[in-house]
Amino acid sequence: MSVPKAFSASQTVPEQWYTGSLFSPSPAETKAGALAVEPYFQGAVPSGRFDAQGEIRPVTAQRSVSQYTLIKYGLTDRLSIYSLPTFSYGWGKGQSSTGVKFNDLPIELHYNILTARPARYRPSVTSYLGFIAPTGNYSGLSQFQNGVGQGVWFLRFGFQSQSVYRLMGHAARLRIWGVGRQPLTTAHLHDITSYGTSTGFSGTAHPGTFGNEGASFEYGLTKRWVMSLDLYGTWAGSTELTGKYRKTSQVVYTRSSWSGSYNLGPAMEYNWSPAMGFIGGVIVPFTGHNASRAIMPEVAVNMVF
């Protein structure tokens, strides 16, 4: 199928500097020794919860702020190693603040199966494979809101494709992706945990597979200024909780429902150079089921060395 002249990869694409959209994953670095560092600050303002029918219900939840830093290093011209250390802090709604907490830690290898050739309409394709280490607090907590981890090792896997076009005389970049996280172990729980148990509980939890998929579109207004938009869905399978309370001998078995939401992430990028830029925007869940709903403003600075 031919590409319309207004949206063409066969014409020369203007030089464009990008930061990257708010949520979309990026491809592997294309040069050995390249180091990408992108610190983010993200807020979360709870605005209800989607019930099983998709209706928004009121909910009492803390506000929070998270600081996470994307770190990616090119091991070769195709293979990169990636990590995302994350700290979070919660407060409000009549509850004690959580203090600063270190969350579970993702580590991945990114491999460029195909590298982009815009003049030939060949997008890049990157595969992802890695794990999430259970470094966040999840069991034996002083209060429920201190739980920021799941206590389980996860396998991370997925893909991302990126292509660049000429659209009405300007550069446009399209990304599509799909990723999943598969639990590999079981969480052993006692007392107050991130799974909602209270003092006296002893048991296990097996979280469900979860992931997200979507597309992002970035349009260059000038070489430095870029509009971006993410449209993506998140989903999570059922979590099984088994155990009992020691004093009462009450046996507990629960199985949560599947959950999911669809989200929009409009943002603006400003790039000082091809290697440094800023992005600011907000992520808004607009529909879903059995999932919390929070408005999430974000800012980040992207630097490549």
Side-chain angles (χ1 to χ4, degrees), residues 7 9 13-30 34 36-44 66-72 80 82-84 86 106 108 110 112 116 118 123-128 156 158-168 170-180 211-235 261-287 294-304:
F7 193 10
V13 177
E15 181 184 3
Q16 184 65 58
W17 299 344
Y18 296 101
T19 296
S21 67
L22 286 178
F23 193 82
S24 65
S26 57
E29 297 300 313
T30 57
V37 180
E38 189 169 9
Y40 278 80
F41 287 91
Q42 180 190 77
S66 299
Q67 194 285 311
Y68 54 95
T69 302
L70 183 157
I71 303 170
K72 188 181 296 187
S80 297
Y82 158 99
S83 185
L84 192 71
T86 303
E108 279 184 344
H110 295 181
N112 277 341
S124 68
V125 177
T126 299
S127 61
Y128 303 138
R156 291 169 61 99
F159 82 95
Q160 186 258 27
S161 180
Q162 175 175 292
S163 50
V164 179
Y165 305 89
R166 182 184 180 93
L167 175 58
M168 295 184 291
H170 295 261
R173 186 167 72 174
L174 177 67
R175 288 176 172 177
I176 59 172
W177 75 89
V179 297
N212 62 83
E213 62 283 317
S216 71
F217 181 75
E218 294 169 275
Y219 185 72
L221 302 175
T222 69
K223 185 166 65 174
R224 297 176 183 268
W225 285 98
V226 180
M227 293 190 306
S228 71
L229 178 67
D230 290 297
L231 174 60
Y232 67 95
T234 63
W235 52 270
S261 67
Y262 288 95
N263 312 271
L264 282 173
M268 287 294 298
E269 307 172 25
Y270 178 77
N271 301 278
W272 294 281
S273 72
M276 179 173 287
F278 168 88
I279 185 170
V282 61
I283 292 176
V284 181
F286 61 89
T287 188
I295 309 302
M296 294 178 287
E298 288 189 26
V299 295
V301 176
N302 182 52
M303 298 167 285
V304 181

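Heavy atoms only: backbone and side chains are in, while hydrogens, waters and symmetry mates are out.
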request  = Apply side chain to side chain donor-acceptor pair (under 3.5 Å) to Tyr68 and list each qualifying residue two or more places apart in sequence or on a separate chain.
outcome  = Glu298
task = Measure the shortest side-chain to side-chain distance between Tyr128 and Val179 over non-hydrogen atoms and say whether it is less than 4.5 angstrom.
result = yes
inquiry  = According to side chain to side chain donor-acceptor pair (under 3.5 Å), who are the partners of Ser161, at least two apart in sequence or on a separate chain?
reply    = none
request  = Would you mind reporting whether Asn302 and Tyr40 have side-chain heavy atoms less than 4.5 Å apart?
outcome  = no
query = Does Leu229 have any side-chain contact (heavy atoms from CB on, under 4.5 Å) partners at least two apart in sequence or in another chain, and if so, which?
reply = Leu264, Pro266
task = Return each pair, listed once, that meets salt bridge (Lys or Arg N to Asp or Glu O under 4.0 Å) where at least one residue sits in residues 170-180; pairs must be two or more places apart or across chains.
result = Arg173-Glu218
message = Quick check on the 6.0 Å ring-centre criterion: do Tyr270 and Phe278 meet it?
response = no
With sequence neighbours excluded, residues passing side chain to side chain donor-acceptor pair (under 3.5 Å) with Thr126 = Asn112
Any residue meeting ring-ring contact (aromatic ring centres under 6.0 Å, His included) with Phe159, in chain and number order, not counting sequence neighbours = none
Flag side-chain contact, heavy atom, 4.5 Å: Ile279 against Ser228 = yes
task = Report the C-alpha separation of Tyr82 and Ser80 in whole Å, then their side-chain angles, then the decisive distance to 0.1 Å, and conclude whether the side chain to side chain donor-acceptor pair (under 3.5 Å) test is met.
result = CA-CA 6 Å; Tyr82 158 99; Ser80 297; over 6 Å; no
key: Set of residues satisfying side-chain contact (heavy atoms from CB on, under 4.5 Å) with respect to Ser83, sequence neighbours excluded   = Pro85, Leu105, Ile107
key: Partners meeting side chain to side chain donor-acceptor pair (under 3.5 Å) with Thr234 (sequence neighbours left out)   = Ser261
query = If you look only at pairs with a residue in residues 14-23, which of them pass as a side chain to side chain donor-acceptor pair (under 3.5 Å), with sequence neighbours excluded?
reply = Glu15-Trp17, Thr19-Asn271, Ser21-Ser24, Ser21-Asp230
Residues that Ala215 engages under side-chain contact (heavy atoms from CB on, under 4.5 Å), provided they are two or more places apart = Ile176
task = Compare all side-chain heavy atoms of Gln42 with those of Pro297 and state whether any distance is below 4.5 angstrom.
result = no
message = Less than 4.5 Å apart, side chain to side chain, heavy atoms only: is that true for Tyr219 and Val226?
response = no
remark   = side-chain contact (heavy atoms from CB on, under 4.5 Å) filter on Gln67, not counting sequence neighbours, yields Pro39, Phe41, Thr69, Phe87
request  = Would you kindly say whether Gln162 and Trp177 are connected by a side-chain donor-acceptor distance under 3.5 Å?
outcome  = no
